[in-house]
Amino acid sequence: MLVVMKAQATPEQIQAVCEYIEQLGFRAHPLPGAQRTAIGITGNKSTVDRGNLESLSGVAEVIRVSKAYKLASRDVKEEDTVIRFPGTDAAIGGRNLAIVAGPCSIESRDQAFAIAEQVAASGAQFFRGGAFKPRTSPYAFQGLGLEALRIMAEIRDRYGLRIVTEAIDSESLALVAEWADVIQIGARNMQNFSLLKRAGRLRKPVLLKRGLSATLEEFLMAAEYVMSEGNYEVILCERGVRTFTDHSRNTLDLSIIPAVHHLSHLPILVDPSHATGKRESVLPMARAAVASGADGILVEVHHQPDKALSDGPQSIYPGQFATMMDEIQQIAPVVGRNLPRGIHIEAAAG
Ligand code: PEP
Ligand code: MN
């Protein structure tokens with residue numbers, strides 16, 4: 001159920017409607033829009049009596065939301081969600097494209113800085129790097145953990161890049177939330193509902209990757225888990241799904257982009273690295289992703305991919321990343337987008 005407030009409704013009226021909803025044992029989610037505020041109602045009890053709600057002051061109308069996902073749906077929020085990073089001009093969603101670049105794993109301070117320096121020089125605003133790695137083999141490199149988070153915090157200080165890194169369980173979630181700017185939840189954890197709920201209780205953006213075989217509805221329901229706990233800053237990421245294809249690691253499903261934009265207000269990035277598993281396929285798919293309306297790209301970059309401890313074959317060289325940025329910059333205006341180059345940090349107040 002969705003309560004649409006009148007355009008002139010006061011903050012007190014919005015507050016009173018939220019309190020009324022919560023008194024009934026439901027959860028109220030005030031969602032401010034450009035014209036007016038809507039209040040989403042969630043809960044797994046019975047339905048709310050709309051007659052009483054309609055009679056509260058400031059209420060314009062009460063609408064039943066038929067989709068399984070409510071807060072992630074465009075029915076509840078018409079405008080695109082734009083996630084901002086205080087103190088910077090970086091954003092995910094909206095007209096500007098967001099580029100997240102960096103190695104699969106943080107392997108050492110030298111490796112991370114060598115790559116960060118180059119992706120920053122090419123104009124990325126976000127740096128990625130795994131500290132906790134969800135590896136298929138228990139014998140493969142599992143990540144440097146806290147040490148990697150510390151290295152990435154230093155990179156943020158040095159280059160201004162905002163940090164994106166993955167949490168694989170509740171223990172790493174607490175650490176990632178403390179050190180990073182965006183919490184990545186990986187494909188293998190897309191339906192780890194307790195992890196999603198915990199991430200929902202935090203107030204940090206969550207980058208949610210599509211599960212290996214997840215449908216669009218399952219993907220949006222996973223986002224709904226995070227949002228249902230009050231964290232509305234969810235970024236979706238298409239990273240390919242498992243098919244019978246044997247020429248690439250996964251199959252990049254670009255057709256999910258218009259479908260997501262139709263059904264949801266959440267931004268969606270594309271990861272051409274995990275989607276293809278092959279360096280030579282990354283740039284073509286990045287170009288196609290932007291042309292298809294993606295809100296940005298998440299890409300693996302390594303200065304010495306032959307020595308990488310994970311995902312070397314799909315990591316592009318820094319020079320290729322620079323080319324990718326130039327190409328995306330040219331494609332962006334064709335689809336009404338803009339590629340900002342570099343991040344601007346506001347001087348600290350006082
Ligand atoms: C990653 O981004 O390094 C990663 C492990 O991605 P995914 O969860 O999409 O496999
Ligand atoms: Mn990887």
Side-chain angles (χ1 to χ4, degrees), residues 92 98-107 111-112 115 119 124 126-138 140-145 148-149 151-152 162-169 172-173 176 180-192 195-196 199 205-214 218-219 222-223 226 234-243 248-254 256 268-279 281-282 285-286 289 294 296-317 321:
I92 302 181
I99 309 296
V100 184
C104 179
S105 304
I106 300 296
E107 301 164 9
Q111 172 250 17
I115 299 165
V119 299
F126 298 87
F127 182 73
R128 63 149 287 149
F132 302 93
K133 296 303 301 175
R135 303 303 300 281
T136 301
S137 164
F141 178 61
Q142 304 284 309
L144 296 181
L149 298 177
I151 293 169
M152 285 187 280
R162 299 297 103 170
I163 303 300
V164 181
T165 192
E166 179 170 354
I168 53 172
D169 49 26
S172 54
L173 179 66
V176 167
D181 300 293
V182 177
I183 303 160
Q184 179 171 323
I185 295 193
R188 291 156 192 80
N189 268 318
M190 191 206 80
Q191 285 190 319
N192 181 339
L195 186 63
L196 296 173
V206 172
L207 188 150
L208 180 65
K209 295 190 109 185
R210 183 180 182 183
L212 275 71
S213 65
E218 287 164 342
F219 196 11
V226 178
V234 179
I235 304 142
L236 303 170
C237 182
E238 161 63 26
R239 44 80 75 211
V241 286
R242 188 66 62 86
T243 66
S248 65
R249 183 173 175 180
N250 290 292
T251 296
L252 179 57
D253 177 15
L254 288 180
I256 202 169
I268 178 161
L269 305 185
V270 166
D271 167 358
S273 310
H274 294 87
T276 63
K278 290 200 169 97
R279 183 172 308 127
S281 302
V282 171
M285 292 301 101
I297 302 290
L298 178 144
V299 65
E300 288 184 341
V301 181
H302 203 295
H303 66 316
Q304 292 173 328
D306 298 346
K307 295 191 184 147
L309 297 182
S310 60
D311 287 348
Q314 69 192 32
S315 300
I316 57 172
Y317 289 94
F321 178 69

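In listed order, ligands and their atoms are each counted from 1. Any value given below was found using the heavy atoms of this structure, including those in side chains, with hydrogens, waters and symmetry copies removed.
- Protein heavy atom closest to atom 8 (O) of ligand 1, with residue, atom name and distance, is Ala187 N, 2.8 Å.
- Around atom 3 (O) of ligand 1, the closest heavy atom drawn from Arg128, Glu166, Arg239 belongs to Arg128.
- Remark: Ile268 CD1 to Leu207 CG distance equals 10.0 Å, nearest 0.5 Å.
- Of all N, O or S atoms in Asp311, the one lying closest to the Mn ion (ligand 2) is OD2.
- The only member of Lys278, Arg249, Arg279, His302 that meets side-chain hydrogen bond (donor to acceptor under 3.5 Å, both in side chains) when paired with Gln314 is Arg249.
- Pro205 approaches Asp181 most closely through the heavy-atom pair CD-O, 3.4 Å.
- Near Glu300, meaning under 4.0 Å from one of its heavy atoms, ligand 1 places the atoms 3 (O).
- When only interatomic distances are considered, the shortest N/O to N/O separation between Lys133 and ligand 1 falls below 3.5 Å.
- Between Arg128 and Glu300, at least one side-chain nitrogen of the basic residue sits less than 4.0 Å from a carboxylate oxygen of the acidic one, meeting the salt-bridge criterion.
- The nearest protein atom to atom 4 (C) of ligand 1, hydrogens excluded, is given as His274 NE2, 3.5 Å; this is a heavy-atom distance.
- The closest approach between a heavy atom of Arg210 and any atom of ligand 1 is not below 4.0 Å.
- Pro272 pairs in a side-chain contact (heavy atoms from CB on, under 4.5 Å) with only one of the listed residues (Ile297, Ile316, Leu298), which is Ile297.
- Closest non-hydrogen pair, Thr165 versus Met152, comes out as OG1-CE, 3.6 Å.
- Set against the non-hydrogen atoms of Gly186, the atoms of ligand 1 under 4.0 Å away are 8 (O).
- Not a single N or O atom of Pro134, backbone or side chain, sits closer than 3.5 Å to an N or O atom of ligand 1.
- Around the Mn ion (ligand 2), the two atoms NE2 of His274 and SG of Cys104 are separated by an angle of 170°, to 10 degrees.
- When all heavy atoms are compared, the tightest approach of Leu252 to Met285 is CD2-CB, 3.7 Å.
- Glu300 contributes atom OE2 as its closest N/O/S atom to the Mn ion (ligand 2).
- Annotation: Lys209 places an N or O atom under 3.5 Å from an N or O atom of ligand 1; distance criterion only.
- In terms of heavy atoms, Val301 sits closest to Ala101 at CG2-CB, 4.0 Å.
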